[in-house]
Trainee: 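Handing you this structure, nothing more for now.
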Number of protein chains: 2
Amino acid sequence: MDSAELAELGQQLRVDSIRASAAAGSGHPTSSMSAADLMAVLLAHHLHYDFERPEHPANDRFVLSKGHASPLLYAAYKAAGAVDDDELLTFRELGSRLEGHPTPRRLPWVETATGSLGLGLPVGVGIALSGKRLESHAYRVWVLCGDSELAEGSIWEAAEHASYENLDNLTAIVDVNRLGQRGPTRHGHDLDAYARRFRAFGWHTVEIDGHDVDAIDRACGEARSTLGQPSVILARTLKGKGVADIEDREGLHGKPLKNADDAIEELGGVRDLRVRVHTPDVDRVLHSVPGGGLDLPRWERGGRAATRDAFGKALAALGTARGDVVALDGEVGDSTRAELFAKEHPERYVECYIAEQQLVAAAVGLAARGWVPYASTFAAFLTRAHDVIRMAAVSGAGINLVGSHAGVAIGQDGPSQMGLEDLAMMRSVHGSTVLYPCDAHQTARLVATMAGLDGVRYLRTSRGDGPVLYGPDEEFPVGGSKVLRSSGPDDRVTIVAAGVTVPEALAAADALGAQGIPVRVIDLYSVKPVDRDTLRRAAEETGCLLTVEDHHPEGGLGDAVLDAFVDGRPVPRLVRLAVTSMPGSASPQEQLHAAGIDAESIAVAVRLLVEQAIAP
Amino acid sequence: MDSAELAELGQQLRVDSIRASAAAGSGHPTSSMSAADLMAVLLAHHLHYDFERPEHPANDRFVLSKGHASPLLYAAYKAAGAVDDDELLTFRELGSRLEGHPTPRRLPWVETATGSLGLGLPVGVGIALSGKRLESHAYRVWVLCGDSELAEGSIWEAAEHASYENLDNLTAIVDVNRLGQRGPTRHGHDLDAYARRFRAFGWHTVEIDGHDVDAIDRACGEARSTLGQPSVILARTLKGKGVADIEDREGLHGKPLKNADDAIEELGGVRDLRVRVHTPDVDRVLHSVPGGGLDLPRWERGGRAATRDAFGKALAALGTARGDVVALDGEVGDSTRAELFAKEHPERYVECYIAEQQLVAAAVGLAARGWVPYASTFAAFLTRAHDVIRMAAVSGAGINLVGSHAGVAIGQDGPSQMGLEDLAMMRSVHGSTVLYPCDAHQTARLVATMAGLDGVRYLRTSRGDGPVLYGPDEEFPVGGSKVLRSSGPDDRVTIVAAGVTVPEALAAADALGAQGIPVRVIDLYSVKPVDRDTLRRAAEETGCLLTVEDHHPEGGLGDAVLDAFVDGRPVPRLVRLAVTSMPGSASPQEQLHAAGIDAESIAVAVRLLVEQAIAP
């Protein structure tokens, strides 16, 4: 296309953005209009993408980090022939693929769900990392950002990581329209303020007029030819560009145009230009997936091991069996034991340093490229990535998260390092799986199993040694549990434990048994989904469930048990032991006792309960 | 102190860090030793602080952002005469004030809990903001950072905010010891890599040898005399400095020294230097607290209003009545309605732009200075600050968080904008209060009430209009609820609702009543703590509770109800209606219906339940 045609295409994208938003009665046309020329040039001249084969491995990847500009994205799809005009006008309707913010659940051309700002670039870094380091393939990743979202720390975690990994296959295009939602941004049209920041972080920068199609074209070319570092194109634009009444004006964010027909006329009317998008001309160099058998580590039964050690060893073994497993670390691999993977498979180990948002976002990007990522850090620090995890679920991304140093059982380091909210966080994620093993063999098996699940998978590991309770061939299905102690229907109470509280529950059960109080002990290693059948049977046979967990009372194991009983059936009596006070520094065993979740506390609670049940 | 004495003080801080860690058998001596000279010079020459009057308003504020270097902090306290040597050696013991990571819950000289990295600087920004903008007072804020934590995005949110607000009363000192936990940092000893970044973000930078006490002294002086922008001192240091065996060596993070006695001897032995810390010489200009009566907004009963509007209006009224209320916005004040406060009290409105970690951290910093902060953004985006919120609870900080646009009821914008995990997140925070009003008067009252609570308080608001159900003088105690429909013991089922599901529950109750099925409806506006008495009475009288919530099933209202029944008492039958599928775009009413939480779905569930109960 020549310059005039590109400009015309830009106008068409504006008009279609206005039309889609007008049909919906909501949406973000003004934020689409500012970036229309950027999108037009990218689509017509620089993006290599086969819309008929979105799975084509050599396709470039486009991420709309400013996800609210979805009308522009859908207008571009129309210009590329991927959606028709009728569908464009279903924007934001119930059942439409064209949602308010784009998601890959609905549209095959979307790499990752956006709409929570500042996340498109970190995920783009993950995708570019795959292209650069793991696939050795020449596709490019283009990320269209807003200027407001550059205030998010996640953007600077991404900026740091991209330059550290020399991701010259990554280009960010920033639509600097100077207006956020409620008013002007901090830096307005001061492109150099942004350029200074990106340059300091090691990026190549280009500053342009974002409505000059020739300048955009040159900038994209410059980005493509820049080697050894990522590029950012900082484009000065006007929000609502092209319609005098709304151009560069405050107070019009996220609002359809009042006079859409007049605006469309002012923009030259409806067009139907079609772009023949360049298709990629090379096939992918497939990443090799060696087919070695899975040889999980083994421990001596009756010995002791930490579940974090089991995680590290099992992940290393899984990496040997599967070439598609990638491990990501938040600069604590010596603690989480992810470093055991690094030693055996350094080429598939990504050090993300202390930047948990980028850690998880990189996993999302890698999952989008077909890898099976395991991102690990302390359970407590995964809270830093809560929004990234939430959005991963919106994407339907298949990622494995592993949080170590769970609970008060870590001991002296104190509450800042204790994951005491992680089960609540991970359970509340849509479609998630939450696993909390108590021994080494269980951990190893679950590490391997989680690779094959859908959605966000979470494994919680512990710092200290615990007994090896299971044999190496025991199976641990997701949604299952293990009944570790039982006298059948004679059991007076069922203790439901997981992780570090399982050995405590067993010790309590043994002490109670010696006192003539038989109790059942369930190892509920699958916290979500829970084993409804076993819990219901225990409820029927023992009448009472006592849950004990190294977690705050809200949202963890105690609440999870409820999942078996919220369909109107009779509910057993329930007692919940959990961490209710703020811990300080103390030894692991002192911590468990202070929190009232050690064997002694469990036994006391059971005795109280049994006495209550005997009383009238 | 002259240079030689300062150097001696540095050695003493090293020795005491080693001694404390050796006594504990854990801790981070090497990370303390790298920063010992920085701390010595700061303490002896630049910090203005009255250890006997930690509440003194004109005290400088010191934040140990690298919280794991707590031995150094406690060694400094000893040198200042604030703790004695015996107490120093209780480090990390059960019950000791000297925890693994410092917290203000235990020690009066600690401003904020640290230990999760990258948070000390953002909180320091909040404190400095108070000094600069709200108190007009001359104290300085000194933040000692590690180099590893500069990878956290939260640091760059803070860097941006500090320069935007021209916080020349803020100095960050970065202990660039080049070694993180598992190995070298990205930039090693390349001070200029960090300097470029901070300069680009608008900071004054000074690069020094962090073991040259004269250079440190000059740098602190330069920072103090730099006007109009914050300063950062980038100090090249060696981890484990002063002990040849461990100096600048990998693999020694977070480990006490093997040969502590030899190391102490190498450092010149135990000393007992005392520092006479400069005390502040001016008294605080107290921020004025006008005593106007609280005049909360009123609505016509039977009319309609959105709870987000009620929040904005009530907050503005509260700001008129109380001069200590400060509002903070994440660049969505037009949506959350925080802008209504901004219009009336612009001097107490802090625009944090799209940087939710800084938003909440600034609130923590302001709370430390005695303000009553209200930080608001979309409920979904508060997940971005989950770790900051968690650490606020460790600090015991009194902050108000308000999340708007909760649930699928927002309609067309889709899942990225829907808070569907916020109740789970906020309930799991230690000591938190979680409020979810359904009408305008309830919202207004709760906005005022939450100001007086302890700990982290959360209010969830809704986007769309709802009926005004209550009168302006109705009271809503925390931990209470309202029974909105009841026929007494005849009620067959109790519907427990909150927020947008309350009107749905009422409509269902009316429809069911017309069909001869009397049901009770409880408005459970206080989600944490819950009204145990009312729930227990409902359980006894109706035998079954049906919860209905615009939230994922895990960790929200349905789980909260369990808090009334986990002491071993009989539990009622339970049914939980919640958002179990991934929403797309649709109108608010379509969303509620698709999620199965509208009046029709509630009525269907109740009828099923009543039929079940009738069947044998």
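Below, chains carry the letters A, B, ... as their sequence lines are ordered, and counting in each starts from 1.
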Trainee: Below 4.5 Å, heavy atoms only, C-beta onward: do A/Q357 and B/Q357 meet side chain to side chain?
Mentor: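 They are in side-chain contact.
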Trainee: Between A/R390 and B/D422, does any NZ, NE, NH1 or NH2 come within less than 4.0 Å of an OD or OE carboxylate oxygen?
Mentor: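 Salt bridge: no.
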Trainee: Going by salt bridge (Lys or Arg N to Asp or Glu O under 4.0 Å), name the residues that satisfy it together with B/E331, two or more places apart in sequence or in a different chain.
Mentor: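 With sequence neighbours excluded, B/E331 shows a salt bridge (Lys or Arg N to Asp or Glu O under 4.0 Å) to no residue whatsoever.
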Trainee: For chain B, which candidate among A/G414, A/G333, A/C544 shows the most heavy-atom pairs at distances under 4.5 Å?
Mentor: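 Looking at each of A/G414, A/G333, A/C544 in turn, A/G333 comes out on top.
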Trainee: Below 4.5 Å from any heavy atom of chain B, which atoms of A/S335 appear? Answer side chain, backbone, both or neither.
Mentor: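 Looking at A/S335, backbone and side chain both touch chain B.
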Trainee: Relative to chain B, which segment of A/E356 carries a heavy atom at a distance below 4.5 Å: side chain, backbone, both, or neither?
Mentor: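 Both the backbone and the side chain of A/E356 come within 4.5 Å of chain B.
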Trainee: Return all side-chain donor-acceptor pairs below 3.5 angstrom for residues 578-586 of chain A, not counting sequence neighbours, or 'none' if the list is empty.
Mentor:
from   : atom 1 : to     : atom 2 : distance (Å)
A/S585 : OG     : A/Q412 : O      : 2.6
A/S585 : OG     : B/G100 : N      : 2.8

Trainee: Relative to chain A, which segment of B/F565 carries a heavy atom at a distance below 4.5 Å: side chain, backbone, both, or neither?
Mentor: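 Backbone of B/F565 only, per the 4.5 Å heavy-atom cut-off to chain A.
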Trainee: Are any side-chain N or O atoms of B/Q417 and backbone N or O atoms of A/G115, one a donor and one an acceptor, separated by less than 3.5 Å?
Mentor: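 Pair found, side chain donor or acceptor close to backbone of A/G115.
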Trainee: Name the option with the most non-hydrogen atom pairs under 4.5 Å to chain B; the candidates are A/S26, A/A380, A/P572, A/A385.
Mentor: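 Max contact count across the listed options: A/A380.
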Trainee: Can you say whether B/M418 sits under 4.5 Å from chain A via the side chain, the backbone, both, or neither, judging by heavy atoms?
Mentor: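 For B/M418, the contact with chain A is made by the backbone alone.
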Trainee: Is there a donor-acceptor pair closer than 3.5 Å between any side-chain N or O of B/H101 and the backbone N or O of A/S416?
Mentor: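 The answer is no, because no donor-acceptor pair under 3.5 Å joins these two groups.
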Trainee: Sort out for me which of B/H68, B/E339, B/Q358, B/R105 touches chain A most, counting heavy-atom pairs under 4.5 Å.
Mentor: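 Looking at each option in turn, the highest pair count goes to B/R105.
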Trainee: Between the side chain of B/R197 and the main-chain N/O of A/A200, is any donor-acceptor distance below 3.5 Å?
Mentor: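 Yes, because the side chain of B/R197 sits within donor-acceptor range (under 3.5 Å) of the backbone of A/A200.
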Trainee: Got a salt bridge between B/R92 and A/D413, using NZ or NE/NH1/NH2 to carboxylate O under 4.0 Å?
Mentor: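 Yes.
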Trainee: For the residue pair B/V429 and A/H552, establish whether any side-chain heavy-atom pair is separated by less than 4.5 Å.
Mentor: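 When only atoms from C-beta onward are counted, A/H552 and B/V429 do not touch, as no gap falls below 4.5 Å.
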Trainee: Between A/E351 and B/R186, is there a salt bridge with N-O shorter than 4.0 Å?
Mentor: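 Here B/R186 does not pair with A/E351 in a salt bridge, since their nearest N and O are not under 4.0 Å apart.
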Trainee: Is the shortest heavy-atom distance from the side chain of A/L562 to the side chain of B/L574 under 4.5 Å?
Mentor: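 The answer is yes; the side chains approach within 4.5 Å.
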Trainee: Any carboxylate oxygen within less than 4.0 angstrom of a Lys/Arg side-chain nitrogen, looking at A/R576 and B/D563?
Mentor: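 Yes, charged N to carboxylate O under 4.0 Å.
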Trainee: For B/R199, is it the side chain, the backbone, both, or neither that has a heavy atom closer than 4.5 Å to a heavy atom of chain A?
Mentor: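 Neither part.
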Trainee: Can you name the one residue among B/E152, B/R384, B/H386 that meets side chain to side chain contact (heavy atoms under 4.5 Å, CB included) with A/R384?
Mentor: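 So the option named by the test is B/E152.
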Trainee: Only pairs of heavy atoms separated by less than 4.5 Å count here; which of A/H187, A/H28, A/R97 has the most with chain B?
Mentor: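 Maximum pair count with chain B is reached by A/H187.
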Trainee: Relative to chain A, which segment of B/Q591 carries a heavy atom at a distance below 4.5 Å: side chain, backbone, both, or neither?
Mentor: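 When you check distances to chain A, no heavy atom of B/Q591 falls under 4.5 Å.
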Trainee: Pick whichever of B/R569, B/E99, B/H430 has the most heavy-atom pairs under 4.5 Å with chain A.
Mentor: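 Winner by heavy-atom pair count: B/H430.
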Trainee: Quick check on B/S70 against chain A: is it the side chain, the backbone, both or neither that has a heavy atom closer than 4.5 Å?
Mentor: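 It is neither, since no heavy atom gets under 4.5 Å.
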Trainee: A/R196, A/E160, A/E157: which one forms the most heavy-atom pairs within less than 4.5 Å of chain B?
Mentor: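 Among the listed options, the one with the most contacts to chain B is A/E160.
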Trainee: Got B/I354 and A/Q181 here, is their nearest side-chain heavy-atom distance under 4.5 Å?
Mentor: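 Not in contact.
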Trainee: Flag the one option from B/F201, B/F198, B/Y194 with the top tally of heavy-atom pairs under 4.5 Å to chain A.
Mentor: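 Between B/F201, B/F198, B/Y194, the count favours B/F201.
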Trainee: Got B/R427 and A/D559 here, is their nearest side-chain heavy-atom distance under 4.5 Å?
Mentor: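 With C-beta onward as the side chain, the pair touches.
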Trainee: Under a 4.5 Å heavy-atom cut-off, does chain B meet the side chain of A/S96, its backbone, both or neither?
Mentor: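 Looking at A/S96, nothing touches chain B.
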Trainee: What distance do B/I389 atom CD1 and A/E421 atom CD have between them, rounded to the nearest 0.5 Å?
Mentor: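 Going from CD1 on B/I389 over to CD on A/E421, the span is 10.5 Å.
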Trainee: Which residue out of B/T114, B/T383, B/D567, B/V332 racks up the most heavy-atom pairs below 4.5 Å with chain A?
Mentor: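 Winner by heavy-atom pair count: B/T383.
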Trainee: Between A/L119, A/V571, A/T547, A/L117, which shows the greatest number of heavy-atom pairs under 4.5 Å with chain B?
Mentor: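 It is A/V571.
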Trainee: Indicate yes or no: at least one non-hydrogen side-chain atom of A/R182 is less than 4.5 angstrom from one of B/D329.
Mentor: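 They are in side-chain contact.
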Trainee: With respect to chain A, which residue among B/G555, B/G411, B/G180 yields the maximal number of heavy-atom pairs within a distance under 4.5 Å?
Mentor: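 Between B/G555, B/G411, B/G180, the count favours B/G180.
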Trainee: Name the region of A/A424, side chain, backbone, both or neither, that has any atom closer than 4.5 Å to a heavy atom of chain B.
Mentor: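 Looking at A/A424, backbone and side chain both touch chain B.
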Trainee: What are the two closest heavy atoms between B/A151 and A/Y353, and how far apart are they?
Mentor: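 That closest heavy-atom pairing would be CB-CB, 4.3 Å.
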Trainee: Taking side chain as everything from C-beta outward and backbone as N, CA, C, O, which of these in A/P184 sits under 4.5 Å from a heavy atom of chain B? Side chain, backbone, both or neither.
Mentor: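 When you check distances to chain B, only backbone atoms of A/P184 fall under 4.5 Å.
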Trainee: Heavy atoms only, distances under 4.5 angstrom: which of B/G396, B/S428, B/S587 has the most pairs with chain A? Name it, please.
Mentor: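 Ranked by heavy-atom pairs under 4.5 Å with chain A, first place is B/S428.
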